Amino acid sequence: MKLNKASLFALISVLELASEPDRQLSTTDIANKYGISAHHLAKVMRNLVHEGVIQAIRGVGGGYRFAGNINRTTLLDIIQLFENLESDLDLPHWSKDSTPIVAELQSVTNEIDNLTKAVLDTITLATALKNSRLRGELTEGASRLKNKDRDVVKRSVLR
Amino acid sequence: MEDNVIIRNASLGDIETICGLNGSGADQFRMAYWQDIFDHYVLSGRADRLCLVAEKGSQMVGVIVGEIRAWEFGSLPCGWVFVLSVAPGVRELGIGQRLFTEMCNRLKEIGATTVRTMVDLDNKLALSFFRSVGMTTGRYVELEKQLD
């Protein structure tokens, strides 16, 4: 599955803002952190404000703040604001229902779509953030361990 | 998360309370189902079959049932959770999480390295819960066929 850029930028922004709901971030803050286009992100942010997922704070030091419910909003809720995850066989319309082979292929893509949606629709922002934090802690722990090992090697070489 | 909750092994006297846990009352079919569960998971006294309940104050508010299953479809022994229920009035207080965590600890103590469950694709509440406690799509895919 390949998400379109708008969905991906929306997921990143919403998760980033929801990770600290009291914090305000500008489009540039988020774009710089993730190395993504600020121009494209600005359009996505306007859409998210319009849908009530985030709130725009005007004035000096303004930016955006998360405005939803992290326990109720799922990844699919965000994605569906930007794209439809229904697979569409790229065939002329007249042939879609006319042959058993096309019907079978459509049935297979529907099965995949249903599984994809079941995954995305059951991961709330809270769960995604919790898992992200755990990943961060694991990476941090591993890098601390690596640095410690390097120090031990350094010390033994210096001895 | 609720602090005044204790998790303990179910005992024979718990059966009626468990039957009525989801608020729909203990009809004869539900009683028969739970009697069977109790026979296998409470009265058998086997270490690899677990039925745990959550108590808040003096009230029973949740139940979880699990076991070690081995060699199904070539799988190595693993923990299975197939019942998890929390009383409607005390949901979203972390009681399900406490039950699941205790079940995982017990399964780990008796050798399980993985825990599995199976949930209806449309049961968003249960799927979201299991995701929130760290479960992801597993290696085994459930398949089915309509028998006309």
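The model shown is predicted, which means the values in this text are computed figures rather than measured ones.
Counting non-hydrogen atoms of neighbouring residues, nucleotides and ligands closer than 6.0 angstrom, the CD atom of B:Q59 reaches no more than 12 such neighbours. When the shell of 6.0 Å around CZ of A:R72 is examined, it contains 12 or fewer heavy atoms from other residues, nucleotides or ligands. More than 12 heavy atoms of other shown residues, nucleotides or ligands fall within 6.0 angstrom of atom CE in A:M1.
Using non-hydrogen atoms only and a strict 4.5 Å limit, no part of residues 28-47 of chain A faces chain B. Below 4.5 Å, heavy atoms of chain A meet heavy atoms from B:R131, B:S132, B:V133, B:T137, all part of residues 131-139 of chain B. Within residues 107-132 of chain A, the residues approaching chain B closer than 4.5 Å by heavy atoms are, in numerical order, A:N114, A:L115, A:A118, A:V119, A:D121, A:T122, A:I123, A:T127, A:K130.
Cluster membership for A:L75 and B:L127, using ILVMFWY side-chain heavy atoms within less than 4.5 angstrom, is not shared. Under the 4.5 Å side-chain heavy-atom criterion for ILVMFWY residues, no single connected hydrophobic cluster contains both B:L84 and B:I6. Cluster membership check: B:W80 does not share its hydrophobic cluster with B:Y140, using side-chain heavy-atom separations under 4.5 Å among Ile, Leu, Val, Met, Phe, Trp and Tyr. Cluster membership for B:F38 and B:F29, using ILVMFWY side-chain heavy atoms within less than 4.5 angstrom, is not shared. Taking hydrophobic clusters as Ile, Leu, Val, Met, Phe, Trp and Tyr residues chained together by side-chain heavy-atom distances below 4.5 Å, B:L121 does not share a cluster with B:F82.
Taking B:L125 as the reference, B:N123 meet the side chain to side chain contact (heavy atoms under 4.5 Å, CB included) condition, with sequence neighbours excluded.
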